[in-house]
Amino acid sequence: MTFPDSHRSTGQWIGGAWIPGQRQAASLNPMDGSAIGTFADGGRDEADAAIAAASTAFERTEWAQSPRLRQTVLLDWARKLEAQAEDLARLLTLENGKVLVQSRGEIAGAISEIRYYGGLARHIPGHVLEVEPGVFSTMLREPAGVAALIIPWNAPAVLLARAIGPALACGCTAVVKPAAQTTLLTTAFLRALSEVPGLPPGVCNMVSETGHAASARLVESPLVDVLSFTGSTATGKRIMATAAETMKKLSLELGGKSCCVVFPDADIAATASRIAAAATIISGQQCTAARRVLVHGSVYDAMKEQLRAALAAIAVGDGMNPAMGMGPLIDTAARAQVQGQVERAFDLCDEVVLRGGVPDSLPAAGAFLTPSLVAHGDTAAFFCQEEIFGPFLVLERFEDEAEAVAKANHTVFGLSASVWTTDGARALRIARALRNGTVWINDHNRLFAEAETGGYRQSGLGRLHGYDAFADFTELKHICQNAGRVA
Ligand code: NAD
């Protein structure tokens with residue numbers, strides 16, 4: 001293993017110091033269940049200490065008023081991460097299971113995103129209006145205060161970068177709460193930040209835990225001004241209800257049920273292989289992963305066969321092995337949940353096209369599950385409606401554009417979708433009609449630091465990535481002055 005031993009155990013990062021936890025928990029490799037290292041298992045007290053440190057740093061350091069300092073810190077952090085990019089990619093595959101090529105892409109994307117926000121740190125302007133003769137309204141974009149960032153395990157590097165980037169760039173101070181499954185990776189990222197000279201103590205803090213007590217405290221604390229959560233819609237709803245008491249700003253990036261709409265003029269073989277890859281990225285554990293494939297009746301049978309073949313051809317195994325296209329799920333508990341949902345779908349669907357399952361040939365303590373494909377006509381079925389966070393696809397058919405749009409929009413989610421056609425006007429027409437935060441044309445899962453992502457409906461609130469992410473972490477202040485006029 002190439003990553004350093006210092007990444008194998010962690011503490012809590014509070015007020016500028018790494019504090020050993022009183023309790024430690026093991027981080028497990030989902031490939032075989034072996035222990036990779038240990039992390040500090042905290043709770044409410046650690047969350048309170050971290051919130052207090054972030055609050056003091058916001059009030060008493062120059063951070064909130066010094067864009068040049070913020071830029072220097074973010075760019076120095078990116079440089080430090082770049083120097084250990086390969087170690088970080090390997091740690092990500094060990095802890096999360098995703099194949100190494102995906103880990104390398106994610107680490108590079110996260111570093112690029114930190115640089116992007118480092119650049120923007122010095123350009124977060126407001127505007128000034130002369131609203132009446134001699135009366136000036138200055139609209140100032142100010143950091144909102146302490147931002148708590150709850151980060152999931154599926155893409156822990158890039159999802160950390162897209163939240164902490166805008167939060168720190170605009171002058172907020174932060175408390176990060178990583179997912180238990182990927183705490184070593186988040187810690188390795190933040191340890192590099194903690195080594196940047198000039199970062200005032202308490203500007204960024206981290207509390208880790210196996211349970212939810214620290215997370216719950218971040219949501220309820222009156223000293224937290226912004227709560228940024230990436231995770232499931234069910235947890236997002238609970239957070240929203242609890243946060244109502246303190247009326248903090250919420251940035252919620254939640255679940256999805258991405259639909260791919262395929263027209264007869266698309267290249268069916270090429271589209272099938274792209275959709276198979278889009279459905280099995282991170283073993284199907286990406287919020288934007290392809291979940292439903294709506295296909296025009298005239299090419300339905302061809303797509304069914306091509307998609308079955310493309311999914312069946314994906315090699316499943318150790319993410320460190322470059323021959324593999326898909327690694328394990330995050331842990332055996334998640335695998336059991338997904339497997340249960342998939343088997344229930346097998347019982348209820350019109351046709352099982354590809355019956356995935358637990359492969360005999362891989363370690364029994366690993367969390368492997370091979371891809372499945374079912375065909376079904378009724379969009380109300382639970383497996384067309386609920387997010388199943390694993391390698392599972394549903395094939396559906398339509399006969400015209402109106403039916404395609406109606407079926408695709410029959411969902412409570414609205415995160416992302418894709419349209420597959422060579423007719424440019426049709427692509428734009430359908431993209432406009434789909435109620436989603438992102439629509440790809442002849443592509444899927446393309447995400448950029450520069451391009452805002454977020455959900456319509458129950459896929460969330462606010463936007464991350466891009467310039468508009470600053471809206472989630474800033475307040476707009478109106479300063480009004482009657483300067484009068486020169487007589
Ligand atoms: P999850 O909802 O189980 O989130 C777990 C996190 O929530 C943990 O960190 C936990 O400590 C915290 N938590 C649990 N209960 C809490 C409470 N009451 N208050 C505050 N925090 C609490 O989600 P997951 O399984 O970790 O992640 C998978 C989900 O994330 C999927 O639904 C996926 O679609 C979604 N996701 C969305 C995006 C996006 O950009 N929209 C990106 C990645 C993942």
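One-based numbering, in listed order, for ligands and for the atoms of each.
- The option from Gly236, Gly211, Gly231 that lies nearest to atom 29 (C) of ligand 1, judged by heavy atoms, is Gly231.
- Ranking protein heavy atoms by distance to atom 18 (N) of ligand 1, first place goes to Arg238 NE, 4.0 Å.
- By the 3.5 Å distance cut-off applied to N or O atoms, Thr230 is not counted among the residues near ligand 1.
- At a heavy-atom cutoff of 4.0 Å, ligand 1 is contacted by the side chain of Leu159 but not by its backbone.
- Residue-to-ligand polar distances place Leu254 within reach of ligand 1: an N/O pair is separated by less than 3.5 Å.
- In this structure, Arg355 is positioned above the aromatic face of Phe346, its NZ or CZ under 6.0 Å from the six-membered ring centre and within 45° of the axis.
- Closest non-hydrogen pair, Arg274 versus Asn442, comes out as NH2-O, 3.3 Å.
- Around atom CE of Met324, more than 12 heavy atoms belonging to other residues, nucleotides or ligands sit under 6.0 Å away.
- In terms of polar-atom proximity, Ser459 is not counted as a contact of ligand 1, lacking any N or O under 3.5 Å from an N or O of the ligand.
- Atom numbering of ligand 1 starts at 1 in the shown order; those under 4.0 Å from a heavy atom of Ile150 are 9 (O), 21 (N).
- For the pair Arg191 and Trp18, the cation-pi test (distance below 6.0 Å, angle within 45°) is passed.
- In this structure, Arg344 forms a cation-pi arrangement with Phe382, its terminal cationic atom sitting closer than 6.0 Å to the ring centre and no more than 45° off the ring axis.
- The closest non-hydrogen atom to atom 36 (N) of ligand 1, taken over Ala148, Cys287, Ala243, comes from Cys287.
- Protein heavy atom closest to atom 9 (O) of ligand 1, with residue, atom name and distance, is Lys177 NZ, 2.9 Å.
- Side-chain contact check for Asn436 versus Tyr456: every heavy-atom pair is 4.5 Å or farther apart.
- Contacts with ligand 1 closer than 4.0 Å are made by no heavy atom of Gln285, backbone or side chain.
- Under 4.0 Å from ligand 1, not a single heavy atom of Gln286 appears.
- Residue, atom and distance of the protein heavy atom nearest to atom 28 (C) of ligand 1 are Phe389 CE2, 3.5 Å.
- You'll find the ring centres of Phe448 and His465 outside the 6.0 Å limit.
- With a heavy-atom cut-off of 4.0 Å, Arg162 touches ligand 1 through its side chain alone.
- Which parts of ligand 1 touch Phe229 is read off a 4.0 Å heavy-atom cut-off, strictly below it: atoms 2 (O), 4 (O), 6 (C), 7 (O).
- The protein heavy-atom contact nearest to atom 26 (O) of ligand 1 is Trp153 NE1, 3.1 Å.
- Proximity of the aromatic rings of Tyr467 and Phe470 is defined here by a centroid distance below 6.0 angstrom, and this criterion is met.
- For the residue pair Trp420/Ser418, the side-chain donor-acceptor check at 3.5 Å is satisfied.
- Within a 6.0 Å radius of CZ in Arg435, no more than 12 heavy atoms belonging to other residues, nucleotides or ligands are found.
- The protein heavy-atom contact nearest to atom 2 (O) of ligand 1 is Ser232 OG, 2.5 Å.
- Close N/O approach between Asn154 and ligand 1 is not found [any backbone or side-chain N/O within under 3.5 Å].
- Considering only non-hydrogen protein atoms, atom 11 (O) of ligand 1 sits nearest to Ser215 OG, 2.8 Å.
- Closest to atom 34 (O) of ligand 1 among all protein heavy atoms lies Glu387 OE2, 2.6 Å.
- Residue-ligand proximity, Leu415 to ligand 1, at heavy-atom distances under 4.0 Å covers atoms 41 (N).
- Side-chain atoms of Gln458 and Lys237 form a donor-acceptor pair, as typed in the model, at a separation below 3.5 Å.
- Between the side chains of Asn445 and Thr288, at least one donor N or O lies within less than 3.5 Å of an accepting N or O.
- Counting only N and O atoms by type, the side chains of Glu253 and Thr230 include no donor and acceptor under 3.5 Å apart.
- Under 4.0 angstrom from ligand 1, the non-hydrogen atoms of Ile239 all belong to its side chain.
- Checked against a 3.5 angstrom limit, the closest N/O atoms of Thr233 and ligand 1 fall outside it.
- For atom 14 (C) of ligand 1, the closest non-hydrogen atom of the protein is His212 ND1, 3.3 Å.
- No hydrogens or angles considered: a donor-acceptor pair under 3.5 Å links the side chains of Asp41 and Thr210.
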